[in-house]
2 protein chains.
Amino acid sequence: MVASGHPKPKSNSAIAVEKLRELIFAGILPAGSNHLESELALRLGMSRTPVREAALTLEAQGLVQVQARRGVRILPISIRDMEEIYDVLTALESMAAGQAARQNYAEEELQELQQTIVDMEDALDREDREAWAAADDRFHKELVRLGGNGRVATIVALMADQVRRARAVTLYLRPLPLKSNADHRGVLEAIITGDAERATRIHSAHRSASKKTLMQLLKQTKLHML
Amino acid sequence: MVASGHPKPKSNSAIAVEKLRELIFAGILPAGSNHLESELALRLGMSRTPVREAALTLEAQGLVQVQARRGVRILPISIRDMEEIYDVLTALESMAAGQAARQNYAEEELQELQQTIVDMEDALDREDREAWAAADDRFHKELVRLGGNGRVATIVALMADQVRRARAVTLYLRPLPLKSNADHRGVLEAIITGDAERATRIHSAHRSASKKTLMQLLKQTKLHML
DNA sequence: GCATACATTAATGTATACGTTGTCAAGAAT
DNA sequence: ATTCTTGACAACGTATACATTAATGTATGC
């Protein structure tokens, strides 16, 4: 067998999910807009059936809403939505940080987490906001993975998707998150030393601060819908 | 307009979701079993299409898994699954308790929560485990509602579904949860007095204790799969 | 001139037919 | 006897045709 990449025969339904997600995240299907199933099917070059199934999947993920006779509606994200999302992330990630600390990981198992912090610092030096955001995503994802709770990882990934949609707008509005890295290092150290309570506390404070900053930003700039 | 119940013309797809959920919770479709789409369609008296859509919905809810050529598999719940689920519930409900305390609810707005506690006490007096479980469900659901975060409510409802599946087995194995009610009253009082930190702490301890009890029970009785 | 009722239409919801593919078993070869 | 191959079958994935239903526009009556 050739060692090439997966010869994965993806179903059209799965392809539709991917493509629609891309279209939504790229803003080509703008928040609040409605799209007929037949229109999307035409655009994706397949029949309505797999598109319909993809729409159901995306609805379960909270990205769209399927309305009878009005097509699939790309859900907008209000300030209140962002508040809810950040609170869920705060609760679950903080718990994950604590659980990670309880696992007694060897330092080498924490290399990826450490690397994301280094990458964030590098990005900050270069004032590269995109790179910082990408590394920040990796940090939070890895943190949750280390927590060892698959359901938490799934839920957090869903919520993080929503945050990412909003970031297109918010990333360049806020000041560079210089303070964040102290928090990240603190969480890492707490995990290394096995101090679960401290890991939870630091991360919770970190998320709360992020939320506060973002909320103020959204309210100031009157970006009530994304 | 007559004040009778909704003349709701539910779609077959929605009906299929309901019926399949009932069949799963009743154990008629046992955990771990596989069922062909055509078989389920025949049983529900409709074509494969709405059944397929229902299966996708239930898959997103974590109740089943659709495997190519092997039909829909009713997902079993392992001890590890229950542990993950309880941890998610602990984190989100505890936060909800704190948020509820911050809302400065008038006492009349907390009547339903109070009523569930009364009902639990009544059920305990009568040693009616089913009634206790039903009231306990209402307590947790109402608590989360009072927290005011819709996403938390949705996620908790999903997780609570899974717990309910397992309860058919566990409800009659464990001792009557006499101690629970002190916790419930404590949470209620903390919400009334607006002590968010206390509400969170008490509820978190309550959920942790419940988890511990359940875990021991499951391991002792060697009920590794449900 | 406005409101109401009806007809038309367009989009969803559902059924069905068909192509595709993995599975399983039977038989042959080693 | 075991393993590999091959072929048939069965179930899913997808397309398409059809039924259902709600929205819209028009016509008619008050």
Side-chain angles (χ1 to χ4, degrees), chain A residues 1-2 4-24 28-30 32-75, chain B residues 1-2 4-24 28-30 32-75:
Chain A
M1 183 190 290
V2 183
S4 71
H6 295 276
K8 41 178 163 180
K10 289 177 292 189
S11 72
N12 273 2
S13 192
I15 293 174
V17 171
E18 286 179 25
K19 294 286 186 187
L20 288 177
R21 281 179 60 95
E22 287 172 14
L23 291 172
I24 293 171
I28 299 173
L29 302 180
S33 61
N34 290 82
H35 305 271
L36 301 179
E37 291 176 2
S38 44
E39 169 201 329
L40 295 174
L42 184 66
R43 189 201 282 254
L44 299 183
M46 55 185 74
S47 84
R48 273 179 55 215
T49 306
V51 172
R52 236 182 111 74
E53 294 183 353
L56 285 175
T57 299
L58 294 175
E59 180 173 48
Q61 294 179 3
L63 283 180
V64 308
Q65 184 181 10
V66 303
Q67 294 170 310
R69 256 154 221 89
R70 211 166 290 189
V72 301
R73 172 182 169 81
I74 315 300
L75 282 179
Chain B
M1 183 192 289
V2 184
S4 71
H6 295 277
K8 42 178 163 180
K10 289 177 291 189
S11 72
N12 273 3
S13 192
I15 292 174
V17 172
E18 287 179 24
K19 295 285 186 189
L20 288 178
R21 281 178 60 93
E22 288 172 14
L23 291 173
I24 293 172
I28 299 174
L29 302 180
S33 62
N34 289 82
H35 305 272
L36 302 180
E37 290 177 1
S38 44
E39 169 201 329
L40 294 174
L42 185 65
R43 189 201 284 255
L44 299 183
M46 56 184 74
S47 83
R48 272 178 56 213
T49 307
V51 171
R52 230 182 116 74
E53 293 183 354
L56 286 175
T57 300
L58 294 176
E59 180 173 48
Q61 294 179 4
L63 283 181
V64 307
Q65 184 180 11
V66 303
Q67 294 171 309
R69 258 157 217 88
R70 209 166 290 191
V72 300
R73 172 182 169 80
I74 315 300
L75 283 179

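Per chain, numbering begins at 1; letters A, B, ... match sequence-line order.
Put simply, A:Arg52 has a side-chain N or O that comes within less than 4.0 Å of OP1 or OP2 on C:dG13.
Using a distance-only test at 3.5 Å, with no hydrogens or angles considered, no donor-acceptor pair links the side chain of A:Glu53 to the main chain of A:Ser13.
Taking atom CD on A:Gln67 and atom C1' on D:dA23, their separation rounds to 14 Å, with Å as the unit. Atom CG of A:Asn12 and atom C1' of D:dC12 are 13 Å apart (whole Å). Taking atom CG of residue A:Leu40 and atom C1' of nucleotide C:dT12, one finds them 14 Å apart after rounding to whole Å. Atom pair A:Leu36:CG and D:dA22:P shows a separation of 17 Å (rounding to whole Å applied). Here the P atom of nucleotide D:dT16 and the CG atom of A:Leu42 are 12 Å apart, to the nearest Å. For A:Glu59 and C:dG13, the CD to P distance is 10 Å, given to the nearest whole Å. As rounded to whole Å, 5 Å separates atom P of C:dT12 from atom CD of A:Glu37.
Annotation for B:Asn34 and B:Gly32: closest pair OD1-O, 3.7 Å, computed over non-hydrogen atoms.
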Requested in this report: Dump the intermediate steps for side chain to side chain contact (heavy atoms under 4.5 Å, CB included) on B:Val72 and B:Leu58, then the final yes or no.
Outcome: CA-CA 10 Å; B:Val72 300; B:Leu58 294 176; over 6 Å; no
Apply the test side chain to side chain contact (heavy atoms under 4.5 Å, CB included) to residues A:Leu29 and A:Arg43: give CA-CA distance (whole Å), side-chain angles for both, the deciding distance (0.1 Å), then the verdict. CA-CA 12 Å; A:Leu29 302 180; A:Arg43 189 201 282 254; 3.9 Å; yes
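Closest to the side chain of A:Ala68, out of C:dG13, C:dT14, D:dA11, is C:dG13. Residue B:Ser47 places its side chain closer to C:dT16 than to any other of D:dA11, D:dA15, C:dT16. Relative to the side chain of B:Met46, the nucleotides C:dG13, C:dA15, C:dA11 differ in distance, and C:dA15 lies closest. The B:Thr49 side chain lies nearest to C:dT16 when the options are C:dG13, D:dC12, C:dT16.
In terms of position along DNA chain C, the nucleotide closest to B:Glu53 lies nearer the 5' end than the nucleotide closest to the other residue of the pair B:Glu53 and B:Arg48. Both A:Arg70 and A:Gly45 lie near DNA chain D, and the one whose nearest nucleotide falls closer to the 5' end is A:Gly45. The 5' end of DNA chain D is approached more closely, in terms of each residue's nearest nucleotide, by A:Ala14 than by the other of A:Arg69 and A:Ala14.
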